[in-house]
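A short write-up of the structure that comes next.
Whatever order the structure lists them in is the order used to number ligands and atoms, beginning at 1.
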Amino acid sequence: MSDVLPGGTLRLSETLTVTRVGYGTLQLAGPMAYGPPRDRDEALAVLRAAVRSGITHLDTSDYYGPHLVNGLVREALHPYPEGLHIATKVGARRTADRGWPAALSRPELIQAVHDNLDHLGLEALDLVNLRMTDTLAARDIVEPFTVLAELRDQGLIRNLGVSNVSAEQVEAARGIAPVVAVQNYYNVAFRQDDALVDRCAELGIAYVPFWPLGGFRPLQAAPLERVAAELGATARQIALAWLLHRSPTILLIPGTSTRAHLVQNIAAATIDLPSRALHILNAIGAPAH
Ligand SMILES: NC(=O)c1ccc[n+]([C@@H]2O[C@H](COP(=O)([O-])OP(=O)(O)OC[C@H]3O[C@@H](n4cnc5c(N)ncnc54)[C@H](OP(=O)(O)O)[C@@H]3O)[C@@H](O)[C@H]2O)c1
């Protein structure tokens, strides 16, 4: 692996330091993260290219596919190079109609952790994010996060994170075990989590925005296109550069199914955003007063 990747690294804990530019595996499955990839060879090539380029943070889940994407990660990269860290998520399962119902009971969480270990071919998971689903009360996270904290004490998990959570749920989880990452929906046009992004920076916790490029609905904003044209970059690259600039503890995990987009996404970390551009970009998703 190259040791020079634009964007640098972030230390999340004693056992976890990753490149700020990472890669999310969701787009490697079929539509809606269900079923096999459109192009299996390209999926394997994207994973290998990500790691070869120096990325040390892959974000995956056993419910992508389901199971298929972790199988691709293993096939492409096992035995894993030293320094590569694979983050995964538990707390949901898939249904044949491509749904994502919650799977937060003790047996479901234990099974999910073992499934991730088996399918990735690992003895311990570097980072497991507990993905909450449609639950907003802080107390809802206590039981499932306690189960993961127990699995951490047993040595099956090295670090814990939370996903789809409120600030109150982050605090409740921190009362049970250290939280090293928060993974929520956030991008230049969707900034509901502005305060939580800043709170994570204060606490030294990684904030990992999912759908950094808009996910299933690609980001579209005229000011974004304008800044991109002025700086000779693509709108997606500017959206990623803005996130890196937004907070020092933001980690990028853009998803792509192609090597061409992977290269563009990594190059986004080399883009300097002048203050005029930042002014325009900051206004895109700023809360209305
Ligand atoms: N915790 C959660 O609940 C949750 C939910 C969703 C996602 N995630 C994680 O977050 C990661 C990122 O989310 P995501 O993949 O759903 O959405 P995303 O990164 O916002 O966007 C992915 C989309 O952007 C396209 N794209 C990527 N790079 C591009 C480029 N340079 N130019 C033009 N188009 C580009 C991809 O198409 P191509 O394949 O054609 O490049 C794909 O359609 C996922 O991989 C997953 O690990 C977590």
Fill in the blank from the handout: When every non-hydrogen atom of Glu42 is compared with those of Ser257, the smallest separation belongs to CG-O, 3.3 Å
Practice task
Anything under 30° is parallel, anything over 60° is perpendicular, the rest tilted; go ahead and classify Tyr207 against Tyr186.
Solution key: perpendicular
Exercise for the section: Compute both the distance and the angle, then confirm whether Arg93 meets the cation-pi test with Trp100: under 6.0 Å from the six-membered ring centre, within 45 degrees of the axis. Expected result: no
Exercise for the section: Among residues two or more places apart or on two chains, list those pairs meeting ring-ring contact (aromatic ring centres under 6.0 Å, His included) that have a residue in residues 110-135. Expected result: His67-His119
Practice task
Heavy-atom cut-off of under 4.0 Å around ligand 1: list whichever protein residues fall inside it, by chain and number.
Solution key: Gly24, Thr25, Leu26, Gln27, Asp59, Tyr64, Lys89, Arg131, Ser163, Asn164, Gln183, Phe210, Trp211, Pro212, Leu213, Gly214, Gly215, Arg236, Ile253, Pro254, Gly255, Thr256, Ser257, His261, Gln264, Asn265
Practice task
Would you confirm whether the ring centroid of Tyr64 sits within less than 6.0 angstrom of the ring centroid of Tyr34?
Solution key: no
Practice task
Would you sort out whether Ile86 and Leu125 count as a side chain to side chain contact (heavy atoms under 4.5 Å, CB included), showing the intermediate values?
Solution key: CA-CA 7 Å; Ile86 302 176; Leu125 299 166; over 6 Å; no
